[in-house]
2 protein chains.
Amino acid sequence: MSTPASEQQPGTYDPSAYPSVFVTVDLAIFTIRNGVLSVLLVERAEEPYAGFWALPGGFVNPDEDAGTAAWRELAEETGVERFSGHLEQLRTYSEPDRDPRHRIVSIAHLAFAPDLPEPTAGSDARAARWWAVTDVLDGTPDDAPGLAFDHALILADALERVRSKIEYTTLAAQFVDEPFTLPELHRVYSAVWGTEPHLANFRRKVLKTKDFVVPVGDTGETTPEGGRPPQLYRRGPAEVLQPAMLRPARDDD
Amino acid sequence: MSTPASEQQPGTYDPSAYPSVFVTVDLAIFTIRNGVLSVLLVERAEEPYAGFWALPGGFVNPDEDAGTAAWRELAEETGVERFSGHLEQLRTYSEPDRDPRHRIVSIAHLAFAPDLPEPTAGSDARAARWWAVTDVLDGTPDDAPGLAFDHALILADALERVRSKIEYTTLAAQFVDEPFTLPELHRVYSAVWGTEPHLANFRRKVLKTKDFVVPVGDTGETTPEGGRPPQLYRRGPAEVLQPAMLRPARDDD
DNA sequence: GAAATAGTGTCTATAAGACAGTATAAA
DNA sequence: TTTATACTGTCTTATAGACACTATTTC
């Protein structure tokens with residue numbers, strides 16, 4: 001029985017017999033702008049998918065691992081040098097024809113941070129802007145962008161990852177600048193989940209979870225419409241929520 | 001300001017200017033043998049890491065995506081053609097020097113199934129056998145194998161994924177052949193978690209979760225030592241556990 | 001004062017932890 | 001009968017859902 005080289009361990013046979021592959025990272029960078037969960041997209045200037053919008057990304061350099069490349073792209077695309085937020089690997093997309101020209105395997109990542117600035121135009125001429133996630137994904141608004149490659153799939157996977165991650169971790173607090181108020185944190189959950197957790201029970205859950213938030217001891221500004229000024233908090237050292245924050249059923253879908 | 005090509009979108013510039021990479025899949029295949037969570041390892045015959053044990057794996061062929069390659073490797077390594085179990089992508093490992101000879105990016109996968117047979121020697125001469133996970137990872141037993149490459153890290157990540165996955169999904173039932181008994185399912189949780197959920201509360205949780213298991217209406221065989229014969233069940237259509245099965249704190253670690 | 005926002009207290013329902021008990025088999 | 005395994009019932013405790021209430025601000 002002959003043994004095709006493809007069944008061998010990496011390195012057991014000469015891998016140079018294999019067609020090689022280009023490896024990229026793509027990033028789904030989320031932030032909350034005006035209470036709306038938003039994702040950073042760049043407009044493609046050239047074929048394929050010229051005029052389509054795409055997740056920012058780029059090649060993994062020879063001396064980098066995927067995480068390093070993702071951090072580099074994150075800084076380049078957002079224009080923020082000291083990124084205070086969260087970045088993690090999502091999953092890898094490897095369909096042979098996901099790029100029509102070359103075999104490109106994309107190691108997708110997921111990032112989110114407090115209200116990031118409007119992206120700078122960058123060194124190249126590409127347009128870049130924040131899009132409301134709902135407009136990009138389930139949206140059929142007039143200005144809904146078509147997404148290049150398999151980026152609609154990647155974005156949908158990233159969204160579900162964020163939604164589930166804030167259930168059982170304290171990462172929701174990475175979406176707000178310190179110090180923050182509980183109503184602000186509550187709006188994070190509302191924006192990400194697309195549904196509103198009961199405010200009183202939400203407060204109880206957050207405050208009873210040890211080290212989720214720590215009080216600053218000061219009060220924030222009241223809104224222009226009046227109302228009691230909210231207490232201020234900072235992120236605590238806790239990383240997981242045990243038990244999890246329960247996600248209410250969505251009104252739509 | 002010059003713009004290195006590495007900052008460009010994939011496809012915006014010619015990717016053939018980039019050094020290419022070889023892409024493999026590695027598999028952490030788990031099963032439960034004699035009540036012990038076990039993982040399939042193959043012994044490397046050649047350098048590098050000759051004599052070390054490694055996760056089974058191989059190159060992703062040009063016409064395959066990673067999932068297809070993983071299914072193919074799974075069939076080849078276990079010798080099972082109709083695999084009744086679970087396979088999913090774990091994460092991608094891309095440290096530049098994880099293989100000393102070539103740049104190899106590994107898309108690691110995770111599989112588990114009911115008590116799989118001892119692996120056939122395979123078409124090549126490599127040894128392959130099941131190892132108790134505890135002996136491979138935290139074990140300092142005399143026969144503890146050294147793992148090649150970064151496979152100890154991959155295996156540790158895979159183990160944590162399995163442990164958490166059976167908390168909030170019904171996938172634990174993929175570790176047993178149908179029909180199965182609740183004590184058998186209980187032993188799955190005990191073996192994977194390394195800690196024993198309270199049996200009476202475990203039964204209540206499983207039976208109160210709609211469509212987790214469906215009774216066959218028959219009883220299984222009693223053990224040689226006697227005792228009441230257990231009821232038989234099959235896997236139900238449910239996929240998630242809401243709320244999750246809580247993992248007790250481990251005695252060790 | 002009204003309106004708006006922030007925050008508290010409490011009743012109820014659900015589910016987990018603990019544990020004592022019963023049921024059915026082999027020897 | 002003893003022993004071993006399978007299974008049931010129930011009390012207590014922790015937490016989520018619902019909702020009414022108080023507190024502090026602007027106008």
Please give me the minimum heavy-atom distance between [X] and [Y], naming the atom from each residue.
X	Y	result
A:Val136	A:Trp131	CG2-CB, 3.3 Å
A:Leu55	A:Ala28	CD2-CA, 4.2 Å
B:Phe83	B:Ala113	CE1-CB, 3.4 Å

I need the [atom1]-[atom2] distance between [X] and [N], as an integer number of Å.
X	N	atom1	atom2	value
A:Leu199	C:dT8	CG	C1'	12 Å
A:Leu207	C:dG9	CG	C1'	14 Å
B:Leu185	D:dA6	CG	C1'	15 Å
B:Arg247	C:dA16	CZ	C1'	17 Å
A:Leu232	C:dA6	CG	P	12 Å
B:Arg203	D:dG9	CZ	P	11 Å
A:Gln231	C:dT5	CD	P	18 Å
B:Lys210	C:dT14	NZ	C1'	18 Å

Polar pairs (N or O, both sides) under 3.5 Å between protein and nucleotides 13-15 of chain D?
none

Problem - Any donor-acceptor N/O pair under 3.5 Å between D:dG9 base and B:Arg204 side chain - result: no
Practice task
Assess whether one donor atom and one acceptor atom, taken from the side chain of B:Asn201 and the base of C:dA18, lie less than 3.5 Å apart.
Solution key: yes
Problem - Of A:Glu184 and B:Ala244, the one whose closest DNA chain C nucleotide lies more 5' - result: A:Glu184
Completion exercise
Residue pair B:Gly226/B:Met245 against DNA chain C: nearer the 5' end by closest nucleotide is B:Met245
Exercise for the section: For B:Glu184 and B:His186, test the side chains for any donor-to-acceptor distance below 3.5 angstrom and give the result as yes or no. Expected result: no
Problem - No-hydrogen, no-angle side-chain donor-acceptor test under 3.5 Å, A:Ser106 and A:Asp26 - result: yes
Practice task
Take B:Trp193 and B:Val188, measure what side chain to side chain contact (heavy atoms under 4.5 Å, CB included) needs, and give me the verdict at the end.
Solution key: CA-CA 8 Å; B:Trp193 282 346; B:Val188 168; over 6 Å; no
Problem - From CD (A:Glu81) to CG (A:Leu74), nearest 0.5 Å - result: 11.5 Å
Problem - Interatomic distance, B:Leu37 atom CG to B:Arg187 atom CZ [nearest 0.5 angstrom] - result: 15.0 Å
Practice task
Please step through side chain to side chain contact (heavy atoms under 4.5 Å, CB included) for the pair A:Leu90 and A:His109, ending with a clear verdict.
Solution key: CA-CA 5 Å; A:Leu90 175 62; A:His109 286 69; 5.7 Å; no
Of the nucleotides [options], which one has an atom closest to the side chain of [X]?
X	options	answer
B:Thr222	C:dA16, C:dA26, D:dA4	C:dA26
A:Pro230	D:dT8, D:dA4, C:dG7	C:dG7
A:Ala200	D:dG17, C:dG9, C:dG7	C:dG9
B:His198	C:dA4, C:dC19, C:dA6	C:dC19
B:Pro183	C:dG7, C:dA25, D:dC7	D:dC7

Please list, for nucleotides 21-24 of chain C, all pairs of protein and nucleotide N/O atoms separated by less than 3.5 Å.
unit_1	atom_1	unit_2	atom_2	d
C:dA23	O4'	B:Arg228	NH1	3.1
C:dT24	O2	B:Arg228	N	3.0

Practice task
Kindly confirm or rule out a cation-pi arrangement of B:Arg91 over B:Tyr93, judged by NZ or CZ under 6.0 Å from the six-membered ring centre and within 45° of its axis?
Solution key: yes
